[in-house]
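Notes follow once the structure below has been shown.
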Amino acid sequence: MRNKMLFKPGLDLAVSEGFCSLSCTCGRGIMAARFCGLLVLLTLCLSGLDAQSRPAVNQELSDIFNELWRLDENRLTPVTDYNISVQGRASFVNQGSHVVRDYALQPLFSNVNENKLANTTTYSRFMKLLNNYERSTGVAEQVTAEEQTEIDLFLTAVLETKVMKRAHQYLVSKAKSNSDLRRFKSQLNLIWFNLYHRQKNAGLDSCGFEHVFVGETKSGTEIIGFHNWIQFYLQEKSTHLDYKGYKARSLDLPDQDDHVLNLQFSWHGLVKPVGSAFIGTSPEFEMAIFTIVFLMNTERSTTVLVNIDQCRMELVVIRHGRSLGTAYPKLLSSNSRHVTPQHSG
């Protein structure tokens, strides 16, 4: 029986789970037993507190996100539309370090169906936005009339998808958005494209879209944001980005059909010690789920635990006033490893 302790003078004292093992006799054995008993109790209490500190799965959000997942007609299919090679597990790297060992000699993406990207409206309009921003924070953004038109066309395309239509319907039912499509479009624009100050004493140098989907650099020493697989692929293809390996627990190794990855990479000579991104999902799906989390909560920082498809993940959303500061997934387990098997009898 787990955590059961047997105390007999002259015999070994064994505490299960590997907490303690002492060879002792008589009085010394009793004292040692009491010490180890306290150690076990303390360990169990701490583990219980840890379990309680983890948020419970948000079933309502899991349900709507899985519905959006099924509606995501533009999601790319692993092997058919793209191939990834996760390779080795990346090592620990301090934030701001430029020295990192490479555990992935090959790119993450070995193939992506670029014809599908070019011929799918939301993807093609999304990609036009990626070169509209200054990479470094502290440098004010200048939005031209042409770039504003590109934003408008992208939002129009997103709002025509089944994914965003259902997200809008859900938010209206929760009284978080107006049923009028034009007002919802303005709400999305405010959340994702409204410019604000990310670096103090600088101009309007950032927005949610740039931070999450494009990526930024801070003080010339670190990468911030950059949580999108399309930008990752395009930057890797142009040799501006070098994939260093995946980040995961030893019992939960990623594979080529995972739709969420925790990873490490360098970009323009700077290192992201731990990044994360959905893989193969459409821009409208990512915008939809993060918009829902943003609008369903009012705290500056929100973390929700959800199950989407075969993955358990945390979705982290941080506000910047009425706009989005950052949003990203944090994979906890994949391939349904979080599902407890049901035993009969």
Side-chain angles (χ1 to χ4, degrees), residues 65 68 72 74-75 122-123 125-137 141 143 147 150-151 154-155 157-158 161 163-164 167 187-199 204-218 222-236 240-241 259-265 267-268 270 272-297 300-304 306 308 313-331:
F65 292 162
L68 298 180
D72 191 10
N74 292 332
R75 182 175 65 251
T122 51
Y123 283 111
R125 293 184 180 179
F126 172 86
M127 290 188 292
K128 286 184 178 179
L129 303 178
L130 297 178
N131 64 352
N132 289 353
Y133 298 95
E134 297 287 344
R135 187 167 66 248
S136 177
T137 58
E141 298 290 347
V143 181
E147 290 170 346
E150 290 174 350
I151 292 171
F154 170 68
L155 288 175
V158 164
T161 64
V163 169
M164 194 58 82
Q187 187 179 35
L188 290 178
N189 188 74
L190 175 63
I191 293 170
W192 288 96
F193 293 98
N194 179 56
L195 294 176
Y196 51 72
H197 303 271
R198 188 172 294 275
Q199 183 170 308
L204 301 175
D205 63 343
S206 186
C207 67
F209 181 92
E210 177 190 9
H211 185 85
V212 174
F213 292 118
V214 183
E216 301 176 281
T217 61
K218 180 181 177 181
E222 60 182 291
I223 301 167
I224 57 174
F226 203 132
H227 299 288
N228 180 255
W229 73 271
I230 303 170
Q231 170 74 337
F232 193 103
Y233 164 68
L234 293 174
Q235 292 295 300
E236 187 176 56
H240 296 313
L241 183 150
H259 278 288
V260 186
L261 282 180
N262 301 330
L263 36 74
Q264 185 179 98
F265 61 94
W267 185 44
H268 291 282
L270 305 180
K272 181 90 170 179
V274 183
S276 59
F278 285 99
I279 306 293
T281 49
S282 69
E284 58 265 28
F285 175 81
E286 296 181 36
M287 286 189 73
I289 64 170
F290 288 130
T291 297
I292 288 174
V293 175
F294 179 92
L295 290 174
M296 291 298 293
N297 296 274
R300 180 181 178 275
S301 178
T302 300
T303 299
V304 295
V306 293
I308 302 178
M313 69 192 77
E314 290 177 342
L315 298 179
V316 180
V317 169
I318 298 177
R319 309 173 73 89
H320 195 289
R322 294 191 299 161
S323 300
L324 185 70
T326 189
Y328 57 89
K330 180 182 177 183
L331 180 65

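A search for ring-ring contact (aromatic ring centres under 6.0 Å, His included) contacts involving Tyr328 returns His227, not counting sequence neighbours. Here Thr161 pairs with nothing under the side-chain hydrogen bond (donor to acceptor under 3.5 Å, both in side chains) rule; sequence neighbours left out. Partners of His240 under the ring-ring contact (aromatic ring centres under 6.0 Å, His included) rule, at least two apart in sequence or in another chain, are His268. With sequence neighbours left out, the side chain to side chain contact (heavy atoms under 4.5 Å, CB included) criterion links Ser301 to Ile318. Taking the ring-ring contact (aromatic ring centres under 6.0 Å, His included) definition, one finds that Phe294 meets it with nothing, sequence neighbours left out. For Asn189, the side chain to side chain contact (heavy atoms under 4.5 Å, CB included) partners are Gln148, Ile151, Leu155, Phe193, not counting sequence neighbours. In this view, Glu134 and Val139, Glu141 satisfy the side chain to side chain contact (heavy atoms under 4.5 Å, CB included) rule, not counting sequence neighbours. In this structure Tyr133 satisfies the side-chain hydrogen bond (donor to acceptor under 3.5 Å, both in side chains) test with no other residue, sequence neighbours excluded. Glu210 meets the salt bridge (Lys or Arg N to Asp or Glu O under 4.0 Å) test with no other residue; sequence neighbours excluded. With sequence neighbours excluded, the residues that form a ring-ring contact (aromatic ring centres under 6.0 Å, His included) with Phe285 are Trp69, Phe278. A search for side-chain hydrogen bond (donor to acceptor under 3.5 Å, both in side chains) contacts involving Thr326 returns His211, not counting sequence neighbours. Residues meeting the side-chain hydrogen bond (donor to acceptor under 3.5 Å, both in side chains) test with Gln187, sequence neighbours left out: Ser177.
Checking side-chain atoms of Ser323 against main-chain N and O of Leu195 turns up no donor-acceptor pair under 3.5 Å. The backbone N or O of Lys272 sits nowhere less than 3.5 Å from a side-chain atom of Trp267 that would complete a donor-acceptor pair. Side-chain atoms of Glu284 never come within 3.5 Å of backbone atoms of Met164 as a donor-acceptor pair (strictly under, hydrogens ignored). Although no hydrogens or angles enter the test, the distance criterion places a donor-acceptor pair under 3.5 Å between the side chain of Asn297 and the main chain of Val293.
In summary, of the residues considered (Arg198, His197, Gln199), a side chain to side chain donor-acceptor pair (under 3.5 Å) with Thr137 occurs for Gln199 alone.
Taking CG of Asn228 as the reference point, atom OG1 of Thr281 lies at 7.5 Å (rounded to 0.5 Å). Within the model, atoms CD of Gln264 and OG of Ser276 stand 13.0 Å from one another, a figure rounded to the nearest 0.5 Å. In this structure, Asn131 CG and Met127 CE are separated by 11.0 Å, a value rounded to the nearest 0.5 Å. Leu130 contributes atom CG, which lies 9.5 Å from atom CZ of Phe213 (distance to the nearest 0.5 angstrom). In this structure, Leu241 CG and Phe232 CZ are separated by 4.5 Å, a value rounded to the nearest 0.5 Å. The CD1 atom of Ile279 lies 8.0 Å from the CH2 atom of Trp229; values are rounded to the nearest 0.5 Å.
With a 4.5 Å cut-off on side-chain heavy atoms, Phe209 and Pro283 do not count as touching. Residues Asn74 and Thr122 form a side-chain contact, since some pair of their non-hydrogen atoms from C-beta on lies under 4.5 Å apart. Put simply, the side chain of Leu295 reaches to within 4.5 Å of the side chain of Ile191, judged on heavy atoms. At a threshold of 4.5 Å between non-hydrogen side-chain atoms, the residues Arg75 and His259 count as touching. The side-chain heavy atoms of Thr303 and Leu315, taken from C-beta on, include no pair separated by under 4.5 Å.
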- Step by step, would you call Leu324 with Val317 a side-chain contact (heavy atoms from CB on, under 4.5 Å)? CA-CA 8 Å; Leu324 185 70; Val317 169; 3.6 Å; yes
- Message: Let's go through Asn194 and Cys207 carefully: what are the C-alpha distance in whole Å and the side-chain angles of both, what is the deciding distance for side-chain contact (heavy atoms from CB on, under 4.5 Å) to 0.1 Å, and is it a yes or a no?
- Response: CA-CA 6 Å; Asn194 179 56; Cys207 67; 6.0 Å; no
- Go through the steps to decide whether Gln235 and Phe226 satisfy the test side-chain contact (heavy atoms from CB on, under 4.5 Å), and finish with yes or no. CA-CA 11 Å; Gln235 292 295 300; Phe226 203 132; 4.2 Å; yes
- Message: Determine whether Val214 and Leu129 satisfy the following criterion, side-chain contact (heavy atoms from CB on, under 4.5 Å), listing intermediate values before the conclusion.
- Response: CA-CA 9 Å; Val214 183; Leu129 303 178; over 6 Å; no
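Here the two rings, on Tyr123 and Phe154, have centers that are 6.0 Å apart or farther.
For the residue pair Trp192/Thr291, the side-chain donor-acceptor check at 3.5 Å is satisfied.
Of all heavy-atom pairs between Ala167 and Ile292, the closest is CB-CD1, 4.1 Å.
Ionic pairing of Glu216 and Arg135 is not present here: no N-O contact between side-chain nitrogen and carboxylate oxygen is shorter than 4.0 angstrom.
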